[in-house]
Number of protein chains: 2
Amino acid sequence: MARSTLTRDEVLDAAASLVKQHGPAALTMRKLAAELGTAVTSIYWHVGNRESLLDALVQRTVEEMGAILPQAPTGGTPLAGRTPADRILSVARTLRRELRERPHLIAMVHERGLTERMFLPAQQALVHEVHAAGLRGARAADAVRAIQFQIVGFLLVERNRERAPAQSPAESELWDPAAAPHDPALARALARPADPERLFLLSVRALVTALLAPPASAAPGAGR
Amino acid sequence: MARSTLTRDEVLDAAASLVKQHGPAALTMRKLAAELGTAVTSIYWHVGNRESLLDALVQRTVEEMGAILPQAPTGGTPLAGRTPADRILSVARTLRRELRERPHLIAMVHERGLTERMFLPAQQALVHEVHAAGLRGARAADAVRAIQFQIVGFLLVERNRERAPAQSPAESELWDPAAAPHDPALARALARPADPERLFLLSVRALVTALLAPPASAAPGAGR
DNA sequence: ACCTGAACACCGTTCAAGT
DNA sequence: ACCTGAACACCGTTCAAGT
């Protein structure tokens, strides 16, 4: 591993590799130096300190994820699906898939509060589709944000569930038939583990349907 | 601070106090020992190690948060609002408020993947309301889970945004009028910061409306 | 049953010194 | 401009020894 001179990019690459394999806790300045075959202190010259090294990794990840959705601010129809609602679902599915391939780095993006920033390109695609569905102005903006929050939120919940240890009480105990004698089918359904993919599509579809629907003369349940 | 004998609960109280004030990073075994006036190693006798100490704090928080919603598995109408939809919104609002008062501890709950566990009592309330709205069986279960995921997800997104550093590009730059010349009102709306409370209610209302609506003969946009 | 100090194996970071 | 080793001030944890 002899090398003429150390580069900031080499430091970032090695750090990313450590994080991808074993998570951020495994990223130690000393381990990293060993990996690079340099003195610990050389790293400081290139990246400042551990915290800004992690920041740089996160920054990189945000840019990579932003690039997966083709930019379409000036028109065009970059996504599959016949209706705007279908294409919104397609955006949602793409994001879901990509995120699941970089769990550690995405977790770090979350921890730094940059999840939303990472989704700005997706937001542009959503604007396009909501517009195509006929929404305009502030109402379109609300719809875009509601959909974006829902997609991102669902993914955050899902990540949360995956890292959950054994739960007590589990849903399966909580919802044994005795707990809901009046609707055993409901109890049985809640005792089964959720199917996230199905629930994801079902939820996004429901929200999109309501948001893209023509405004009712009086919205039901709009108490205030 | 002289004390006859150290208690596991005293350790937890002191630890919780440190975390509440300065976050989990400030919880050092040595600082904690100093706070308690004991040797560092005494703490190990009572709580095992740092990791299980943090686990215990999280466990406590989950129980506290679970207690804020009255249990209503056997009937009764514990929540304000005239319609089931209104009462679901009331659940959502309550959870949102309570979570915002314990930021550090809630963050630790998130990191351990226990957010969903924390919301099981709320799930029971949602079951009650969805049932009151006439949904049954698997369809009711899907609705409950979709609503639960949305509420939890929104809160996770919101937390994410709050911790976000200065963003580049900010939404306000991304959506300057030049970016969307065909709908300047939309661009202006997206350039303004989102109002989370409003968006939260709007989103939950939209989703609930769609989920509680009588099943359409053919759902629009249900492409597969 | 509970508490203690000493010791171990780690950390991130600073700094004066080298080339 | 870049790299180095030594040193500092921390960590969490173990363990033999005390009462």
Side-chain angles (χ1 to χ4, degrees), chain A residues 1-61 104-105 107-109 111-112 163 165, chain B residues 1-61 104-105 107-109 111-112 163 165:
Chain A
M1 299 292 154
R3 172 200 319 95
S4 56
T5 185
L6 190 61
T7 293
R8 188 185 145 91
D9 271 337
E10 283 173 327
V11 175
L12 291 185
D13 288 341
S17 159
L18 277 178
V19 168
K20 271 184 192 158
Q21 289 172 53
H22 309 107
L27 178 60
T28 275
M29 299 306 264
R30 289 172 215 257
K31 260 187 218 152
L32 183 54
E35 198 78 14
L36 289 164
T38 54
V40 195
T41 42
S42 305
I43 300 173
Y44 283 83
W45 197 92
H46 288 285
V47 299
N49 55 28
R50 184 172 185 273
E51 201 50 31
S52 43
L53 168 56
L54 291 177
D55 285 346
L57 290 183
V58 163
Q59 176 68 24
R60 250 200 197 183
T61 306
H104 287 311
L105 283 169
M108 287 166 58
V109 172
E111 275 150 29
R112 272 139 225 271
R163 314 189 318 155
Chain B
M1 300 287 158
R3 172 201 318 94
S4 54
T5 184
L6 189 62
T7 294
R8 187 184 147 92
D9 271 338
E10 281 172 328
V11 175
L12 291 185
D13 288 341
S17 159
L18 277 179
V19 168
K20 271 184 194 158
Q21 289 172 54
H22 309 106
L27 178 60
T28 276
M29 299 305 265
R30 289 172 214 257
K31 258 187 221 153
L32 184 53
E35 198 79 13
L36 288 163
T38 54
V40 194
T41 42
S42 304
I43 300 172
Y44 284 82
W45 198 91
H46 287 284
V47 299
N49 55 27
R50 184 174 184 272
E51 201 50 31
S52 44
L53 168 56
L54 291 178
D55 285 345
L57 289 184
V58 164
Q59 177 68 25
R60 249 200 197 183
T61 305
H104 287 310
L105 284 168
M108 287 167 60
V109 173
E111 275 149 29
R112 272 138 224 268
R163 312 190 319 156

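Reminder, nothing fancy here: chain letters follow the sequence lines and each chain counts from 1.
- Comparing atom distances between the A/M29 side chain and each of D/dT13, C/dG12, C/dC11 picks out C/dG12 as nearest.
- For A/S42, counting side-chain heavy atoms from C-beta on, the closest listed nucleotide (D/dT4, C/dG12, C/dT4) is D/dT4.
- Under the 4.5 Å side-chain criterion, counting only non-hydrogen atoms from C-beta, B/L54 is in contact with B/R50.
- Nearest heavy atom pair, residue A/L105 against residue A/K20, reads CD1-CE, 3.7 Å.
- Remark: P of C/dC10 and CG of A/L27 are 17 Å apart, rounded to the nearest angstrom.
- Across all strands shown, the partner of C/dA1 is D/dT19, judged by Watson-Crick or G-U wobble contacts whose two distances both fall under 3.5 Å.
- For B/W45, the side-chain atoms get nearest to C/dC3 when compared with the rest of D/dC2, C/dT13, C/dC3.
- Taking a pair to require two hydrogen-bonding distances under 3.5 Å in either a Watson-Crick or a G-U wobble arrangement, D/dA9 remains unpaired.
- Remark: P of C/dC2 and CG of B/D9 are 13 Å apart, rounded to the nearest angstrom.
- In this structure, B/K31 atom NZ and D/dG12 atom C1' are separated by 14 Å, rounded to whole Å.
- The separation between B/I43 atom CD1 and C/dA1 atom P is 21 Å, rounded to whole Å.
- Using a 4.5 Å heavy-atom threshold, the side chains of A/L12 and A/L53 count as touching.
- Remark: the backbone N or O of B/V11 is not paired with any side-chain donor or acceptor of B/H46 at under 3.5 angstrom.
- Comparing C/dT13, D/dT13, C/dC2 by their nearest atom to the side chain of A/N49 picks out C/dT13.
- B/R30 places its CZ atom 12 Å from the P atom of C/dG5, with the value rounded to the nearest Å.
- Side-chain nitrogen and oxygen atoms of A/T41 include none within less than 4.0 Å of the OP1 or OP2 phosphate oxygen of D/dG5.
- Regarding A/R50, its CZ atom lies at a distance of 18 Å from the C1' atom of C/dT14, rounded to whole Å.
- Atom-to-atom, OH of B/Y44 to C1' of C/dC8 comes out at 13 Å; the value is rounded to the nearest Å.
- Checking the phosphate oxygens (OP1, OP2) of C/dA1, no side-chain nitrogen or oxygen of B/H46 falls inside 4.0 Å.
- Defined by atom type and a distance below 3.5 Å, a donor-acceptor pair is present between the side-chain atoms of A/N49 and A/S52.
- When the P atom of D/dC11 is taken as reference, atom CG of B/L18 falls 12 Å away, rounded to whole Å.
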